[in-house]
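Per chain, numbering begins at 1; letters A, B, ... match sequence-line order. Being a predicted model, the structure only gives us computed values, none of them experimental.
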Amino acid sequence: MTIRTRFAPSPTGYLHIGGARTALYCWLEARHRGGEFILRIEDTDRERSTEQAVQAILDGMQWLGLDADEGPYYQTLRMDRYRQVAEDLLRAGKAYYAYESKDEIETMRNAAMAKGEKPRYNGFYRERNEPLRDDPNRVIRFKNPQGGSVVFEDKVKGRIEWSNEELDDLVLIRSDGFPTYNFAVVVDDVDMKIGEVIRGDDHVNNTPRQINIYHALGEPVPEFAHLPMILGADGQKLSKRHGAVGVMQYRDDGFLPHALLNYLVRLGWSHGDQEIFSRDEMISLFDIADVNKSASRFDVEKLSWLNQQYLKSDDPLEIAPHFEWQLRAAGIDPEKGPDPADVIVALRDRAKTLKEMVEKARVWYAPLEHYDEAAVAKHLKTPTARPALEAVHAKLAEIGDWSVENVHGAIEAAAASIGEGMGKVAQPLRVALTGTQVSPSIDHTTFLAGRSEALRRIEAALARVG
RNA sequence: GCUCCCUUCGUCUAGCGGUCCAGGACGUCGCCCUCUCAAGGCGAAAACACGAGUUCGAUCCUCGUAGGGAGCGCCA
């Protein structure tokens, strides 16, 4: 039987970093083992679930390329099924109706707490066999085993043992007829034949009670793998205050989806000393059993480094669409300047994100209006500036085929013609073309400006030469 | 309060009893390269939370302590 994993987010917000990694691991595990990956939306909380959040999650998954083989399934569409299973349990004597109000439960808990005990439901209606009655407080509770313990072998945490003494009779169906989370997951995972449950480790505590439900249902218990948390750079729980937490925010900030994936896969998992993983390598090398047990912090610096690695190694033609998208987002028309692929080649050693790249690319997409004073003073108000610029102007004008190589040759020739080194020509030229002292190599900088614009800017600079 | 989980350089991690006076990567610092800035190359500083055991020998096994986290809902 092929293994089936699932990612089951509740649509109460966008797909955040932690969720994205969980989804990635579920997806990788399925792909690695030749199984299936299922997407399920856990939307039983009608208060907090929204349509937009569902869409945000779907968008995030798509951007990351985590394609599901089935789904999305929606829990709200399966209400009848949950009720049916709960009734089966009732008939089998494995569940019962209880009628306490929320207030009563609350006082029960507080009382236990006061005695230094764990706050739990006392099982008042468990063995009463009272005739069924209508009551707004009526819920269905699970008859949790009273002795012994639940033991399971977590694929990342190892063996975990839980005494049934710690567990109370949890609510299966709420008074409003909706299933509770712990019940719905089990029913879903059983129905969807999930063989391996991979989720955040905030769920370890729920696992023993879920296992008891599997037993009551007479269904095989799946394997479990609980992933450690991802914390913010400050070691605190990830929150909105940490800035970009929605996965799509990383796209907006100029990261490549594959860079994020690569960063995420290494956060809590590793394969020797390897840092860079292609999609296929991830799939073939990933093993859920190699996942770490402890929480890790999210480090944008390393993400940025990885992003640049991909910016440098990917085919510029593949990056181009992402870059153009970013240009437009910044209000720049890609048509009004050099070929994006050429710009990428010139800038990828100098930018960690596409967003940075766009900022640095601005000079070639808009007329040059501003000159940096210090740059002008240092490189234009010099005795060699005029001869240097005049020489370059002449050589550039003579070029037949406007290419980076020919531009490079022209600049070298210009330097030679006035008996100076590259520096004496490159810097004034750089200021003339960009208004600043910093830009990519001078041949690329010139090439990207285009011949007519380059000549025009040199002429403008000549007017400022001291 | 109770239960469960976690603990190697600042960060991500390798390590599965001797190969470790602990390896790699990001970041930091220095040098080289150089038309600027980068990128790249080379190098440096930087960690086994603490305390008991077990063992001929512990980063690795056991138990405590400390610190951190999660859960204890008719939320997921």
Side-chain angles (χ1 to χ4, degrees), chain A residues 8-12 42-45 47-49 75 98 100-102 105-106 109 112-121 137-141 154 157-158 160-163 165-168 170-182 184-185 199-208 226 228-229 231 233 235 237 263 266-276 292-306 308 312 347-352 360 375 379 411-412 415 421-431 434 436-443 445:
Chain A
S10 56
T12 54
E42 310 216 320
D43 54 354
T44 49
D45 184 345
E47 314 269 282
R48 300 192 301 149
S49 299
Q75 288 190 322
E100 284 89 355
S101 69
K102 291 182 188 179
I105 298 291
E106 186 63 25
R109 268 186 242 289
M113 211 61 137
K115 279 194 289 180
E117 286 166 10
K118 201 163 174 159
R120 54 204 297 278
Y121 172 64
N137 287 325
R138 190 227 276 167
V139 298
I140 298 178
R141 281 186 183 271
D154 191 279
K157 300 278 181 188
I160 291 174
E161 180 167 1
W162 211 285
S163 169
E165 304 292 318
E166 299 295 327
L167 276 20
D168 63 359
L170 77 157
V171 171
L172 260 25
I173 300 289
R174 302 186 232 166
S175 53
D176 63 2
F178 271 62
T180 56
Y181 164 76
N182 279 300
V185 223
R199 61 202 348 176
D201 72 1
D202 45 336
H203 288 289
V204 258
N205 303 284
N206 291 321
T207 307
H226 288 96
M229 299 206 75
L231 309 170
K237 202 169 168 175
Y263 178 71
R266 278 285 288 101
L267 207 56
W269 173 85
S270 64
H271 181 258
D273 289 339
Q274 189 170 343
E275 297 286 352
I276 309 282
N292 283 157
K293 297 176 178 193
S294 53
S296 47
R297 302 187 189 202
F298 188 83
D299 180 18
V300 213
E301 294 293 333
K302 189 152 187 182
L303 204 211
S304 299
W305 174 79
L306 269 168
Q308 185 171 36
K312 291 186 345 178
L347 286 171
R348 58 182 172 183
D349 284 341
R350 298 168 172 77
K352 290 186 183 293
K360 292 182 196 292
H379 301 291
I411 298 171
E412 265 185 340
M422 276 292 268
K424 283 284 193 262
V425 178
Q427 282 306 79
L429 179 55
R430 175 168 280 118
V431 177
T434 69
T436 72
Q437 306 183 60
V438 177
S439 83
S441 62
I442 198 62
D443 45 7
T445 300

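- A/S439 meets the side chain to side chain contact (heavy atoms under 4.5 Å, CB included) test with A/R430, A/T434, A/T445; sequence neighbours excluded.
- B/rC56 and B/rC42 have their P atoms separated by 45 Å, given to the nearest Å.
- Nearer the 5' end of RNA chain B, as judged by each residue's closest nucleotide, is the contact made by A/Q274, out of A/P9 and A/Q274.
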Per-nucleotide protein contact string for nucleotides 10-15 of chain B, where B marks a base within reach and S marks sugar-phosphate only (heavy atoms under 4.0 Å, - for neither): -SBSS-
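- To the nearest whole angstrom, the two P atoms, one in B/rA44 and one in B/rG23, are 11 Å apart.
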Using the 3.5 Å cut-off, write out each protein N or O paired with an N or O of nucleotides 69-73 of chain B and the distance between them.
unit_1, atom_1, unit_2, atom_2, d
B/rA70, O2', A/N205, ND2, 3.2
B/rG71, O4', A/N205, ND2, 2.9
B/rC72, O2', A/P119, O, 3.0
B/rG73, OP2, A/R109, NH1, 2.0
B/rG73, OP2, A/P119, O, 3.1
B/rG73, O5', A/R109, NH1, 3.2

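- Considering only residues two or more places apart in sequence or on other chains, A/K302 meets the side chain to side chain contact (heavy atoms under 4.5 Å, CB included) condition with A/Y263, A/R266, A/E275, A/D299.
- Across B/rC74 and B/rC16, the matching P atoms stand 46 Å from one another, rounded to whole Å.
- When the P atom is used for both B/rA45 and B/rG40, the distance is 22 Å, rounded to whole Å.
- Using atom P as the reference point in both B/rC60 and B/rU8, the two lie 12 Å apart (nearest Å).
- Neither OP1 nor OP2 of B/rC5 sits under 4.0 Å from any side-chain N or O of A/K157.
- With sequence neighbours left out, A/K352 forms a side chain to side chain contact (heavy atoms under 4.5 Å, CB included) with A/S304, A/Q308, A/E356.
- For B/rG51 and B/rA58, the C1' atoms lie 15 Å apart once the distance is rounded to whole Å.
- Looking at the side chain of A/Y181, the nearest of the listed nucleotides B/rC26, B/rA76, B/rU3 is B/rA76.
- For the C1' atoms, the distance linking B/rA25 with B/rA14 amounts to 11 Å, nearest Å.
- With sequence neighbours left out, A/Q437 forms a side-chain hydrogen bond (donor to acceptor under 3.5 Å, both in side chains) with A/H379.
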Give me the distances for all protein-to-nucleotides 58-61 of chain B N/O pairs that come in under 3.5 Å?
none

For nucleotides 29-47 of chain B, 5' to 3', base contacts (B), sugar-phosphate-only contacts (S) and non-contacts (-) with protein non-hydrogen atoms under 4.0 Å give ------BBBBSS-------
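- Under the side-chain hydrogen bond (donor to acceptor under 3.5 Å, both in side chains) criterion, A/N182 pairs with A/Q210, sequence neighbours left out.
- Residues forming a ring-ring contact (aromatic ring centres under 6.0 Å, His included) with A/Y121 (at least two apart in sequence, or on another chain): none.
- Of the possible polar contacts, none joining the A/K293 side chain to the A/P228 backbone as a donor-acceptor pair under 3.5 Å is found.
- Across all strands shown, B/rU3 is found opposite B/rA70 as a Watson-Crick or G-U wobble partner, with both distances under 3.5 Å.
- With sequence neighbours excluded, the residues satisfying side-chain hydrogen bond (donor to acceptor under 3.5 Å, both in side chains) with A/E161 are A/S149, A/R159.
- Taking atom P on both nucleotides, B/rC12 is separated from B/rA49 by 14 Å, rounded to a whole Å.
- A distance-only check finds a donor-acceptor pair linking the side chain of A/R297 to the backbone of A/A233 [under 3.5 Å].
- The side-chain hydrogen bond (donor to acceptor under 3.5 Å, both in side chains) check on A/R48 picks up A/D45, with sequence neighbours excluded.
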